[in-house]
Q: 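The structure under discussion is supplied below as C-alpha cells; questions concerning it will follow.
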Amino acid sequence: MHRRSFLKALPTAALAAPLAAPGIRKAAAQAAPTRNETLLLVQEYGPNSLDMQGIGSSQPVNGVALNCYDRLVRFKRVKLDDVTTSFDINALEPELAESWQEASDGTSVTFKIRADARFHGGRSVTARDVKWSLDRAVSIGGFATTQMNAGSLEKPEQFVAVDDRTFRVDFARRDKLTMPNLAVTIPFVFDSELAIRNGGGDPWAKEYLKNNVAGGGAFKVEAWRPGTETIYTRNDDWKNGDLPKLRRVIARDIPSPSTRRALIERGDADISYGLPPKDFKDLADAGRIKVAAVPVPNAIWYVALNSALPPFNNLKLRQAVAWALPYEKIMQASLFGRGVPMWGGPATPAALKWPVPFPYSANIERAKALMAESGVAPFSTTLLFDAGSGTIAEPMAVLVKEALAPLGITVELNKIPGANFRGELNKKTAPMVINRFGGWLDWPDYFFFWNYHGNNSIFNIPSYQNPAMDRLIDGARFAPDAASYAQNVRGFLELGMQEVPFIAIAQPFHDVAMQRTIGGYQFWPCREPDFRFLTKG
C-alpha cells in the first residue's frame, strides 16, 4: 500500500475534524495541515488516560503530559549526533518559569512565571495553578506521589503562591534531586480553575482530568480513542518555547510489531518505537530508515531473586545463579546486541555511576561450587516475565531456565499479561522475575533508593532489605560533600554486587525508527516522543 492510499484509508477522524472523546472539544476550524505538517506515529498501544498523575496511568500517558502540559523547567537539550538530541541531567532551562533563584541559605527556590503563559482556554497561568498542580502531585498517591517524594517534594505546605507570577518551593531538606525532579513529566501544571469547576466535588478532579486535558502545552488533544488512536493538534498560542513545526500528530495504536515495521519500511508511517530489538537491528543494518539508539539512563534488564523468601534468601544460592547465567547468549538471542553488557566487570566498580557491569560471567563450575556451599537441595521454582515484553523477556527466560538445570534448579516459566504484570510484582511473592527498570533521574543513589532500600518500594522486586545498604543509600542521597558521596556510592555498589538480589543483564537501548525526512528527534527520561521539536520534509 502506498503512503497516499494508506492515509486515505485512515478513519475520517485521523485526517479531518474528528469526533472528540467525551469532554474534549474540537479545535477551531482552520486551514488543513500540509503533509509536511502532519506526522503519523505508529505505536504498540496508546494512553489509557490523559492524566499522568492519575493512578494506573500507562507509560504512553507520559507523552500526553510532555506535549500537552508545561512544567516550570526542563532539562537542557544536548546534541548527541545527526539524528538524536538528548538532555543534560545537571542543567535546567526555562519552560513555564522565565527565571528562578535559590535562596542564599539554600532553604527554598523562587520562580517567576512567564507573563505571556496561557492555558488552552486562554486564561493566564498563575502561581495558584502551579501550587494546585504540585499539591495534587504530592497528595494523589500512586506513582506521581512516589516520584515527587524522590526529590523531597512531600507535602503541600512546601509550595507557596507568593503572588500571581511568583511561586516558591520550600525545601524539606538539602536534596540534589529536588530541582531535577521538577523537570520530569509528573509536576506539570493544570488549569486549576477549569479542573475544579468540572471536578464534581472531587478536590483533584481525577475523573475529569482522566478524560480531558486542562493544560497549556504546545499541543492539544483533538481526539482520543483508547486502543485506536490519539490525535494531537498544535496550540498556535503557545509561548513557552519555539512554536512547533508540526501542526498535527496522529498516534495510531497497532499491536502487531510486524505491521508497524512494514508501515515504516514502506514509508506509510513516519516514526515508530517499541519494535523488537531484531527489527531495529535489521532496520539499522539496512540503512534506509534512520534509527536513533540511546542507552537508557539509569536502566537495566535484570533477573530479580526474592531475597525475602526461601530459597533465594540464601546468599550463596543467589551468587550461584549469577555465575550460571549465559549472558552473551541472552544479549544476542533477546536483545540482538541492542544494549550495553552489564556483566564481566571488576569486583570494585571502576566508575561511581549506574549502571556498571557486575563482576559475574558465565562460569558453570563456579556456579556448581557455590550451589554446593549453599546447602540448598535441588528444587523447583517459578520465573515470571511480562508478556508485553515477550520478544525480549521470553527468550531470556528460556535461556535462564536452561542455564539453571545443571544446578538442580527446575524452572517453570510464567508469562503474565502486561496489564497484570505490575500487580503480580506488587504482591512480592514471585521467586524469580525478569524485569526492566529505568529511573528518570540519572544518579546511582536514585536507582538504589527505589530498588534496594528497606522501605521496600513497589520497584524493590526482590524485597531486599539490609540496614547496612540503607545507611549507604541514605548517606549518598543526603551527602554533605563529594567525598562522602563517593564513599557511600562505592559502598552500596559493591554491596549490591556481592548480595546480588538483582542479576544485571544489560543496559537497554531506547530505539526509535523514523523516515529520513524526519528531524529533531528528542530523547527525554520519560522515553516518549516530544512532538515540539520534530520536523518533517
Side-chain angles (χ1 to χ4, degrees), residues 1-21 23-43 46-47 50 60 62-70 83 85 118-122 212-226 228-254 260 263-264 266-273 289-290 292 512-522 524 528-537:
M1 181 184 293
H2 294 293
R3 179 175 176 76
R4 177 170 300 187
S5 58
F6 175 78
L7 290 173
K8 285 182 178 179
L10 291 175
T12 303
L15 296 174
L19 293 174
I24 298 176
R25 298 176 297 175
K26 290 191 289 184
Q30 57 180 323
T34 65
R35 278 293 163 79
N36 283 348
E37 295 173 317
T38 302
L39 184 87
L40 179 59
L41 162 72
V42 290
Q43 59 192 1
L50 299 179
N62 283 293
V64 178
L66 180 63
N67 291 288
C68 298
Y69 289 92
D70 293 315
V83 178
T85 301
R118 300 285 187 276
F119 290 114
H120 293 159
N212 298 270
V213 169
F219 284 85
K220 306 175 183 181
V221 172
E222 183 181 279
W224 174 47
R225 296 179 176 82
T228 301
E229 65 185 3
T230 308
I231 300 178
Y232 302 84
T233 55
R234 187 177 70 189
N235 171 20
D236 290 338
D237 295 324
W238 191 60
K239 306 297 184 186
N240 300 333
D242 294 334
L243 196 65
K245 301 297 184 184
L246 296 174
R247 289 179 54 200
R248 172 172 284 195
V249 176
I250 304 163
R252 305 210 67 199
D253 304 344
I254 300 176
R260 298 198 305 277
L263 291 171
I264 282 286
R266 293 198 304 257
D268 292 332
D270 295 309
I271 187 169
S272 185
Y273 63 106
I289 301 295
K290 292 195 298 187
V512 177
M514 64 195 87
Q515 302 299 332
R516 294 205 163 271
T517 55
I518 303 300
Y521 170 67
Q522 173 69 49
W524 291 121
E528 290 296 310
D530 191 335
F531 308 139
R532 299 173 297 179
F533 302 107
L534 288 173
T535 62
K536 181 179 176 184

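For the numbers below, each heavy atom of this structure counts, side chains included, while hydrogens, waters and symmetry mates do not. This is a predicted model, so every value here is computed, not measured.
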Q: Roughly how far, to the nearest 0.5 Å, is CG of L263 from CZ of R252?
A: 9.0 Å

Q: Hey, could you give me the CG/NZ distance between L39 and K245, rounded to the nearest 0.5 Å?
A: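 Reported to 0.5 Å precision, the distance equals 15.5 Å.
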
Q: Restricting to non-hydrogen atoms, name the atom on D530 and the atom on Q522 that form the minimum distance, rounded to 0.1 Å.
A: CB-CB, 4.3 Å

Q: Measuring only between side-chain heavy atoms, which start at C-beta, is I264 closer than 4.5 Å to Q515?
A: yes

Q: Name the orientation class of the two ring planes belonging to F533 and W524 (parallel below 30°, tilted from 30 to 60°, perpendicular beyond 60°).
A: tilted

Q: Is any side-chain heavy atom of I289 closer than 4.5 Å to a side-chain heavy atom of M514?
A: no

Q: First locate atom CG of L246, then atom CG of L41, and finally report the distance between them rounded to the nearest 0.5 Å.
A: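 Result: 11.0 Å between the selected atoms.
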
Q: Can you tell if the side chain of Y521 reaches within under 4.5 Å of the side chain of L534, non-hydrogen atoms only?
A: yes

Q: Looking at K239 and R118, would you say the former's side chain and the latter's main chain have a donor-acceptor pair under 3.5 Å?
A: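 No; judged by distance alone, with no hydrogens or angles, the pair does not exist.
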
Q: Would you say H120's side chain and G217's backbone share a donor-acceptor pair under 3.5 angstrom?
A: yes

Q: Which pair of non-hydrogen atoms, one from P529 and one from N67, has the smallest distance, and what is that distance?
A: O-ND2, 3.2 Å

Q: Is the shortest side-chain N to carboxylate O distance from E222 to R248 below 4.0 Å?
A: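 Yes.
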
Q: Roughly how far, to the nearest 0.5 Å, is the CZ atom of R532 from the CG atom of N235?
A: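 Rounded to the nearest 0.5 Å, the CG-CZ separation comes out at 12.0 Å.
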
Q: Measuring from atom CG of D270 to atom OG1 of T38, what distance do you get when rounded to the nearest 0.5 angstrom?
A: 9.0 Å

Q: Can you give me the closest heavy-atom contact between D70 and N240, atom names plus distance?
A: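 Taking every non-hydrogen atom into account, OD2-ND2, 2.6 Å.
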
Q: Do E528 and N62 have side chains that approach each other closer than 4.5 Å (heavy atoms only, starting at C-beta)?
A: yes

Q: Restricting to non-hydrogen atoms, name the atom on Y273 and the atom on R260 that form the minimum distance, rounded to 0.1 Å.
A: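 Shortest heavy-atom separation between Y273 and R260 comes out as O-NE, 4.2 Å.
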
Q: Of the non-hydrogen atoms in A251 and Y232, which two are nearest, and what is the gap between them?
A: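 What the structure gives for the nearest pair is CB-CE1, 4.3 Å.
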
Q: Before you tell me yes or no, could you show the steps for Y69 and V213 under side-chain contact (heavy atoms from CB on, under 4.5 Å), namely the whole-Å CA-CA distance, both residues' side-chain angles and the distance that decides it to 0.1 Å?
A: CA-CA 8 Å; Y69 289 92; V213 169; 4.0 Å; yes

Q: Of all the heavy-atom pairs spanning P244 and A218, show the shortest one and how long it is.
A: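 So the two residues come closest at CG-CB, 3.9 Å.
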
Q: Nearest 0.5 Å, please: how far is OG1 in T230 from CD in Q43?
A: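 Rounded to the nearest 0.5 Å, the CD-OG1 separation comes to 6.5 Å.
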
